[in-house]
Peer 1: 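Take this structure, written in structure tokens, and hold onto it; I'll ask about it next.
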Amino acid sequence: MLASKLKITICGLVVAGALSLAVSSAQAKVLFPTPGAMTFAGLPAQIRAGHMWNLRELMPYAIQSGEMLLEHQTAPGTWTTIVTGKIRPRILWLHWRVPRSLAGAQLVVRFVLVSQGELLATSPNYAIAIGH
């Protein structure tokens with residue numbers, strides 16, 4: 001009986017360890033220094049290709065709903081949305097499966113907060129390296 005419970009516990013730890021290797025999570029701190037502007041502190045400088053990258057953020061009390069867009073800058077200088085996440089009361093979750101084809105790339109990204117089609121705030125540009 002004890003050996004059986006130990007075996008189940010070890011299997012559970014192995015599965016949890018394997019899942020943690022495949023998922024990269026970050027919790028940054030979002031600040032709104034001026035109207036129309038936001039900044040993120042603690043974003044990762046590198047994320048792994050082929051893995052799920054998650055960003056969980058607790059928004060200030062004033063932000064109850066809306067949508068956050070993670071955009072990257074293309075070679076011609078335009079912005080393309082990578083992933084969007086809804087803010088459900090005050091909590092933002094962004095989930096992005098980083099394509100393997102981006103391995104070795106350096107992305108310039110920004111965050112855009114919108115609500116009902118209106119732009120509320122934009123972050124500065126951040127550089128994120130995509131590792132192998």
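In this text the structure is predicted, and so the values were computed from the model without any measurement.
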Peer 1: So which pairs with a foot in residues 112-132 pass ring pair (Phe, Tyr, Trp, His ring centres under 6.0 Å), sequence neighbours left out?
Peer 2: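 Not a single pair qualifies under ring pair (Phe, Tyr, Trp, His ring centres under 6.0 Å).
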Peer 1: Nearest 0.5 angstrom please: Leu31 CG to Ser123 OG, how far?
Peer 2: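 Here the rounded value is 12.0 Å.
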Peer 1: Phe40: which residues meet the ring pair (Phe, Tyr, Trp, His ring centres under 6.0 Å) condition with it, sequence neighbours left out?
Peer 2: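 For Phe40, the residues satisfying ring pair (Phe, Tyr, Trp, His ring centres under 6.0 Å) (neighbours in sequence not counted) are Phe111.
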Peer 1: For the NE2 atom of His51 and the CZ atom of Arg100, what is their distance to the nearest 0.5 Å?
Peer 2: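 Going from NE2 on His51 over to CZ on Arg100, the span is 6.0 Å.
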Peer 1: What's the shortest heavy-atom distance between Leu92 and Gly85, and which atoms?
Peer 2: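 Between these two residues, the closest heavy atoms are CD1-O, 3.6 Å.
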Peer 1: Applying side chain to side chain contact (heavy atoms under 4.5 Å, CB included), can you list everything that pairs with Arg88, at least two apart in sequence or on another chain?
Peer 2: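 Once residues adjacent in sequence are excluded, the partners of Arg88 under the side chain to side chain contact (heavy atoms under 4.5 Å, CB included) criterion are Lys86.
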Peer 1: Looking only at heavy atoms, which two atoms of Ser115 and Leu120 are closest? And how far apart?
Peer 2: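 Closest heavy-atom pair between Ser115 and Leu120: CB-CD1, 3.6 Å.
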Peer 1: Leu55 and Ile87: same hydrophobic cluster, using ILVMFWY side-chain contacts below 4.5 Å?
Peer 2: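 Linked within one cluster.
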Peer 1: Is there side-chain contact between Met52 and Asn54, with at least one heavy-atom pair below 4.5 Å?
Peer 2: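 The answer is yes; the side chains approach within 4.5 Å.
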Peer 1: What are the two closest non-hydrogen atoms of Leu102 and Ile130, and how far apart are they?
Peer 2: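 Smallest interatomic distance, heavy atoms only, reads O-CB, 3.3 Å.
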Peer 1: Got a second to check how far Met38's CE is from Met68's CE, nearest 0.5 Å?
Peer 2: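 Answer rounded to 0.5 Å: 4.0 Å.
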Peer 1: Could you tell me if the side chain of Val109 sits less than 4.5 Å from the side chain of Leu43, heavy atoms only?
Peer 2: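 Of all side-chain heavy-atom pairs linking Val109 with Leu43, none is under 4.5 Å.
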Peer 1: In the hydrophobic clustering (ILVMFWY, side-chain contacts below 4.5 Å, transitive), which residues join Val108, or is it alone?
Peer 2: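 Val108 shares its hydrophobic cluster with Trp79.
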Peer 1: Counting only N and O atoms by type, is there a donor-acceptor contact under 3.5 Å from the side chain of Glu71 to the main-chain atoms of Val112?
Peer 2: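 No; zero donor-acceptor contacts below 3.5 Å.
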Peer 1: State, yes or no, whether a side-chain contact exists between Leu58 and Arg90 at a heavy-atom distance under 4.5 Å.
Peer 2: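 Of all side-chain heavy-atom pairs linking Arg90 with Leu58, at least one is under 4.5 Å.
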Peer 1: CG/Leu113 to CG/Leu69 distance, rounded to the nearest 0.5 angstrom?
Peer 2: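 That separation rounds to 9.0 Å.
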Peer 1: Answer whether the closest heavy-atom distance between the side chains of Ile91 and Arg56 falls below 4.5 Å.
Peer 2: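 Yes. Closest side-chain heavy atoms under 4.5 Å.
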Peer 1: Quick check on the hydrophobic clustering: are Val83 and Ile47 connected, directly or via other members, by side-chain heavy-atom contacts under 4.5 Å?
Peer 2: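 Shared cluster, yes.
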Peer 1: Please report the interatomic distance CG(Leu107) to CD(Gln46), rounded to the nearest 0.5 Å.
Peer 2: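 The CD atom of Gln46 is 11.5 Å from CG of Leu107, to the nearest 0.5 Å.
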Peer 1: How long is the straight-line distance from CG of Leu94 back to OG1 of Thr84, given to the nearest 0.5 Å?
Peer 2: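 Going from OG1 on Thr84 over to CG on Leu94, the span is 7.5 Å.
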Peer 1: State which residues pass side chain to side chain contact (heavy atoms under 4.5 Å, CB included) with Thr78; sequence neighbours excluded, sorted by chain then number.
Peer 2: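 Per chain and number, Thr78 pairs via side chain to side chain contact (heavy atoms under 4.5 Å, CB included) with Thr74.
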Peer 1: Would you mind reporting whether Met59 and Val30 have side-chain heavy atoms less than 4.5 Å apart?
Peer 2: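 Val30 vs Met59: side chains touch.
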Peer 1: For Gln106, check side chain to side chain contact (heavy atoms under 4.5 Å, CB included) against everything at least two apart and list the hits.
Peer 2: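 Expected list: Ala127, Ala129.
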